[in-house]
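Below: the structure, in structure tokens.
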Amino acid sequence: MKVVNRIKKNQDFALTINKGQAFRYPSYLIYVKQNELGYTRVGISASKKLGNAVTRNRVKRQTRAIVDSLVDYNKYALDIVIILKLKFLEKDFDDNKSQFSDFMKTQVGL
């Protein structure tokens, strides 16, 4: 994921969460909002409930890999915030990827 495709500012996270549409999955809580930038940006949030810094960084890397494989950043103009849940750790990579794939197919229209 390129730096331009990441949501980094707290203000952008808050705007997407407050104004966006929420979708609940066992491993994720996903917020989606249209943007005017012409490309998709993704923000990933992993709380301390998931574990120590090593665990949080590992699951964020896995989530970025899932998003990179499924999202065409130039096709849609969306802001997507992904909040990881504890169930993410209980499931393997393929299960988490299939959940995000289902979200992209049903909600975004991939």
Side-chain angles (χ1 to χ4, degrees):
M1 180 182 321
K2 294 181 181 178
V3 174
V4 73
N5 295 116
R6 292 186 186 173
I7 298 176
K8 291 206 169 204
K9 293 182 181 178
N10 187 28
Q11 179 181 3
D12 293 337
F13 270 92
L15 186 64
T16 303
I17 290 170
N18 292 332
K19 302 282 184 181
Q21 188 175 6
F23 302 97
R24 296 184 190 282
Y25 291 90
S27 298
Y28 308 105
L29 180 57
I30 303 173
Y31 292 93
V32 179
K33 185 180 86 58
Q34 293 285 335
N35 68 26
E36 294 82 26
L37 300 173
Y39 55 88
T40 298
R41 297 187 306 168
V42 178
I44 301 168
S45 175
S47 74
K48 288 187 178 182
K49 293 178 185 177
L50 289 174
N52 61 12
V54 174
T55 303
R56 292 193 310 269
N57 286 327
R58 179 176 49 87
V59 297
K60 286 192 289 187
R61 277 194 311 272
Q62 288 177 354
T63 305
R64 278 193 294 270
I66 290 169
V67 170
D68 280 342
S69 66
L70 296 174
V71 174
D72 182 8
Y73 294 104
N74 296 319
K75 188 173 182 179
Y76 302 104
L78 300 172
D79 283 345
I80 301 172
V81 172
I82 302 169
I83 300 174
L84 302 172
K85 295 182 179 181
L86 285 173
K87 292 277 187 184
F88 188 92
L89 298 173
E90 297 172 8
K91 297 181 183 276
D92 63 351
F93 183 82
D94 293 328
D95 289 340
N96 290 324
K97 185 175 181 178
S98 68
Q99 281 182 25
F100 193 77
S101 175
D102 291 343
F103 160 73
M104 290 300 291
K105 288 177 186 173
T106 58
Q107 304 303 330
V108 178
L110 179 70

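In this chain, numbering begins with 1 at the start of the sequence shown. Predicted model only: the values in this text are computed from it and were never measured.
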Quick check: closest heavy atoms across [X] and [Y], and the distance to 0.1 Å?
X	Y	answer
K85	P26	CD-O, 3.6 Å
A46	R56	O-CD, 3.4 Å
G20	K33	CA-CB, 4.0 Å

Identify whether [X] and [Y] are in the same connected component of the hydrophobic contact network (ILVMFWY, side-chain heavy atoms under 4.5 Å).
X	Y	value
Y25	L86	yes
F13	L50	no
L84	V54	no
Y39	M104	no
L70	I82	yes

With rounding to the nearest 0.5 Å, note down the distance linking [atom1] in [X] to [atom2] in [Y].
X	Y	atom1	atom2	result
E90	N96	CD	CG	10.0 Å
K9	R41	NZ	CZ	8.5 Å
T16	Q11	OG1	CD	10.5 Å
T63	R58	OG1	CZ	10.0 Å

Among all residues two or more places apart in sequence or in another chain, which pass the side-chain hydrogen bond (donor to acceptor under 3.5 Å, both in side chains) test with [X]?
X	result
S98	none
Q99	S27
D68	Y73
D92	none

(request) Tell me, please, which residues at least two apart from I17 pass side-chain contact (heavy atoms from CB on, under 4.5 Å). (result) Y31, V81, I83
(message) Checking F88 now: which residues fulfil ring-ring contact (aromatic ring centres under 6.0 Å, His included) with it, not counting sequence neighbours?
(response) Y28
(request) Identify the residue among N35, I80, D79, V42 that makes a side-chain contact (heavy atoms from CB on, under 4.5 Å) with I7. (result) D79
(message) Looking at K97, is its backbone amide N or carbonyl O close enough to the side chain of S101 to form a donor-acceptor pair, meaning the two atoms are under 3.5 Å apart?
(response) no
(request) Go through the steps for Q34 and L78 under the test side-chain contact (heavy atoms from CB on, under 4.5 Å), then give the verdict. (result) CA-CA 5 Å; Q34 293 285 335; L78 300 172; 3.4 Å; yes
(request) Please indicate whether N18 has more than 12 foreign heavy atoms, meaning atoms of other residues, nucleotides or ligands, lying under 6.0 Å from its CG. (result) yes
